[in-house]
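Have a look at the structure below before the remarks.
In this text, all values refer to a predicted model and were calculated from it rather than measured experimentally.
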Amino acid sequence: MLDIQTIREQPDRVKQAMLHKGEKETSIVDELLVLDKQWREAVAATDRLRSESNQKAKEIGTLMSQGKKAEADELIKFTGESKEKIKDLEEQLQMLTAKRDLLLYRIPNLPDDSVPVGHSPEENLIHSTWGEPISNQEWRRPHWELAEEKGWLDFKRGVKVTGAGFPFYVGPLARLQRALIQFFLDEANDAGYTELQTPFFVNEDSARGTGQIPDKEDMMYVVPRDEFFAIPTAEVPVTNFHRDEILKETDLPVKYVAYTPCWRREAGSYGKEVRGLNRLHQFDKVELVHIVHPSTSYDALESLRSDAEQLLRKLELPYRTLLMCTGDMGFTQTKKYDLEVWSPGQKRWLEVSSCSNFESFQARRMQLRFKNIEGQIEMLHTLNGSGLALPRIVASILETYQEPSGKVLVPTVLQPYMRAKELS
RNA sequence: GGAGAGGUGGCUGAGUGGUCGAAAGCGGCAUCCUGCUAAGAUGUUGAACCCUCAUAAGGGGUUCCGAGGGUUCGAAUCCCUCCCUCUCCGCCA
């Protein structure tokens, strides 16, 4: 959610940003400003009347204690009448607030000036590439073929037990995942992140805090009986950790890492894109979150990206980093990098991390603030990025470390965790 | 899951219908004092929103005593629903 102040003062800048983010209409900005004006007038009117009524109610108390019943009765008549009026005004105000907020929630975050303007994925900027993507090796098989043949991945039983998109990882592959999680967490700890183990279910307030509801409600699994949501990413519990809190400036920056499973309904996904481990309903992910002083959030974004990139480098998996253009980066971000790992068996890039700055967009919604050295209260900036999402890393390892014989080697950094040099 | 108790400001904790945004203590901050590892004195000290205003300082107003409703001219105080905490029982890794 944007600061209403920004919209009041720079409506044209907001409209421009909306167009750059691919919105077709900017008229809601004007609608919002009209409503905002009405809302403020209504607030003023309500407050004035209430003030008057409060004043009189106090006098009644005094008069009563002095035994001046007749005078008190007259005032009671007056306050009794204003009570009705206040009720009407309050109803009006509530309606205006709801309408205003509805529009406010529909206005996207403003892209940073360093973000390329564009409307399609083709306009994303290739920020950098690392390693040599393997091509011309037709013998390399996609991970699902190899892994199912070896019995390391069991989709069929996953379907039997739960449904599509809930595979079993068996033996070496289960251990590879555990090794990756451990490796990612250890690296993050070394880089100064505080590890959190979080709830895997959250309540409605938390889902709203990070913006999963109202608009992305359909992505989450719901536990109706207890009104919980299965988390679609650790971002939800981790960022909500400090919801409604005022941190001290001296505590900043705050950096968290958390491993969690993630559940996503992924309604509407199908076909080649979702083969094998490419897209699942349940997957594991290690998530990095920064909560920082507003003046440092863009430096934090670079450091977050670099932390995630280091993991791929240590795993020796060729990857590229994209700077997402305005139209491809989503509603809540001001700047976003995607990390894509090369999948030589599928001959395509797979997104394994997405590092974003939200500035105060999430923080405002969550009332996540800090008290600065002068004692004033300001919104914090939040950032997050995957470090990293497991299934596509596993896919890429199965294809990159594959040998013509079908043997799969273990990346050097994982060998101590796996206590083995190859998967078997 | 059953029975009981309770949820007040950064913390402890008073307050059971009117002058209570809330006593007191602790903590924090500021100043002063003291030459000794910290003590004392004085003052100050919650948040959100609206208006005023030079996007200053300051001022005015409204709301917030777990959350949401209700009763009342008036609610931290009374009633209802929900959430949470504690104690006992039950169950359980």
Do nucleotides 67-76 of chain B as a string where each nucleotide becomes B, S or -: B if the base has a protein heavy atom under 4.0 Å, S if just the sugar-phosphate does, - if no protein is that close.
-> -----BBS--

If each of Thr46(A) and Gln376(A) is mapped to the nucleotide of RNA chain B with the nearest heavy atom, which maps nearer the 5' terminus, i.e. the 5' end?
-> Gln376(A)

Separation of the [atom1] atoms in [N] and [M], to the nearest angstrom:
| N | M | atom1 | value |
| --- | --- | --- | --- |
| U16(B) | C65(B) | C1' | 14 Å |
| G21(B) | G10(B) | C1' | 16 Å |
| U87(B) | C29(B) | C1' | 40 Å |
| G46(B) | C11(B) | C1' | 13 Å |

So does [X] pair up with [Y], basic N to acidic O under 4.0 Å?
| X | Y | value |
| --- | --- | --- |
| Lys85(A) | Glu81(A) | no |
| Glu52(A) | Arg48(A) | no |
| Glu302(A) | Arg305(A) | yes |
| Lys21(A) | Glu23(A) | no |
| Asp328(A) | Lys336(A) | no |
| Arg313(A) | Glu309(A) | yes |

Does the gap between the ring centers of Tyr256(A) and Phe241(A) come in under 6.0 Å?
-> yes

Compute the centroid of each ring, for His381(A) and then for Phe361(A), and state whether the two points are separated by less than 6.0 Å.
-> no

Give the rounded distance in Å between these two atoms: CD of Glu52(A) and P of G60(B).
-> 19 Å

Separation of U55(B) C1' from Glu378(A) CD (nearest whole Å) = 14 Å

Going by atom types only, do Glu90(A) and Gln94(A) share a side-chain donor-acceptor pair under 3.5 Å?
-> no

Regarding Ser206(A) and Arg243(A), is there a side-chain donor-to-acceptor distance under 3.5 Å anywhere?
-> yes

Give one of base, sugar-phosphate or nothing for Asp73(A), where a contact means two heavy atoms less than 4.0 Å apart.
-> nothing

Identity of whatever pairs with [N] - Watson-Crick or G-U, under 3.5 angstrom:
| N | value |
| --- | --- |
| C53(B) | none |
| C86(B) | G4(B) |
| U34(B) | none |
| C78(B) | G70(B) |

Atom pairs under 3.5 Å: protein N/O with N/O of nucleotides 91-93 of chain B:
none

If you restrict it to nitrogen or oxygen atoms, what contacts under 3.5 Å exist between nucleotides 43-52 of chain B and the protein, and what is each distance?
| unit_1 | atom_1 | unit_2 | atom_2 | d |
| --- | --- | --- | --- | --- |
| A47(B) | O3' | Arg369(A) | NH1 | 3.4 |
| A48(B) | OP1 | Arg369(A) | NH1 | 3.2 |
| C50(B) | OP1 | Arg8(A) | NH2 | 3.3 |
| C51(B) | OP1 | Arg40(A) | NH1 | 3.3 |

Which one of Asp190(A), Val257(A), Leu180(A) satisfies the side-chain contact (heavy atoms from CB on, under 4.5 Å) criterion with Leu185(A)?
-> Val257(A)

